[in-house]
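This report refers to the structure that appears directly beneath it.
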Amino acid sequence: MFGETYSLFRVLGFEIRANVTWLFLALLVTWSLAEGLFPYAYPELAPATYWLMALTGMLGLFFSLLFHELSHSVVARRYGLPVRGITLFLFGGVAEIQAEPKEPRVEFWMAIAGPIASLFLAAVFYLLAVSLNALGLPEPLAGVAGYLAFINLLLAVFNMVPAFPLDGGRVLRAVLWKLKGDLRWATRWASRMGQAFGLLLVALGLLSFVAGNFIGGMWWLLIGLFLHAAAGAGYRQLMIQQALTGRRVRRFMTTDPVAVPAETSIRDFVEHYVYHHAFDLFPVERNGRLVGQAGLREAKQIPREEWDGTRIGDICRDVGDDARVAADEDANEALERMRRHKASRLIVTEGERIVGILALKDLLHFLQVRSELEQK
Ligand SMILES: [Zn+2]
């Protein structure tokens, strides 16, 4: 995503985060409520009242988005899919569900849970607004409740547009998947709908911009571009996943890896390994077993006059899970690990024995050749 993301709190065991761009959305919403919607709908109140209503409305929107994403997350967790947390950002919220559902039924319920939750909130806020009015309580309270009823209805309707990766697009994908039993075909059509809908929003945004509604026009333009890109990316990601599924790391690794014997002096390490190969890190081995990894950073920590007398095995650092992978592991898992840790190489092991190196560029090469062959 764009820019820094901050962890806020936890709800039901899910970490709730906000991206800096959420702040922009919050300000925009508060401002347009205080200066636009509320003065228009409830004339003759004090300006401070409008701002107070707007602030409450913005907090209500925050709660509504969270409620929507929490419902996706709870259903995902019930079906055993790992959820990394919920992030609020410029265009609303996203539940970071870390695996794709294995069957259409799961995808269907996971996707539709969000719009159902929003419809439920819309009904609750609507009843609240009606009762506040009936009880003769001050107008601003009912006003905010009415706004939240409307915004939740809008969230439910917008998200149910059958355009992947919106919820409605996922529902569409689940239905197509169920009908034909072909996930890739279902994803292709749901993504095409997503791309088309994205372009439609871009066009509407431009029209609205030309008509003089700059902020609204800009807004739809950005959402349209974002959806268009996300729809394409969703399909590519599935292609990659399917291409790698069932293939083990062993198939892609380089078998005789450049590993440094633990007894090597730092001077030899720098001269014969660091200078000769364009790698950042080298596995360090003793009798073929992995004992750590080292690079220029480790060498630099030792004064040069001690380079001859210090062995690399004594200064190398531990190899964590972020830098190694088992030869029999699924290649998807390895790719995911590289992505998560921004690593371009993983040390491949069998037990503690080093058996190879897995390079990102080899995986990408395989994927590229495969997709070129399939386009024919
Ligand atoms: Zn949703």
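Whatever order the structure lists ligands and atoms in, that order sets their numbers, starting from 1.
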Determine whether a donor-acceptor pair (N or O, by modelled atom type, separation under 3.5 Å) exists between the side chain of [X] and the backbone of [Y].
X	Y	result
Asn287	Arg289	no
Arg248	Arg251	no
Asp182	Trp185	yes

**OP:** Taking salt bridge (Lys or Arg N to Asp or Glu O under 4.0 Å) as the test, write out the residues that go with Arg317, two or more places apart.
**Re:** Glu298
Subject >> Under 2.8 Å from the Zn ion (ligand 1) - protein N/O/S, by chain and number >> reply: His68 NE2, His72 NE2, Asp167 OD1, Asp167 OD2
**OP:** Hey, could you give me each pair passing salt bridge (charged side-chain N to carboxylate O under 4.0 Å, His left out) that has a residue in residues 104-115? Not counting sequence neighbours.
**Re:** Glu103-Arg105, Glu107-Arg170, Glu107-Arg173
Original post:
Taking only residues two or more places apart in sequence or in another chain, which ones pass side chain to side chain contact (heavy atoms under 4.5 Å, CB included) with Arg353?
Top reply: Glu350, Val355
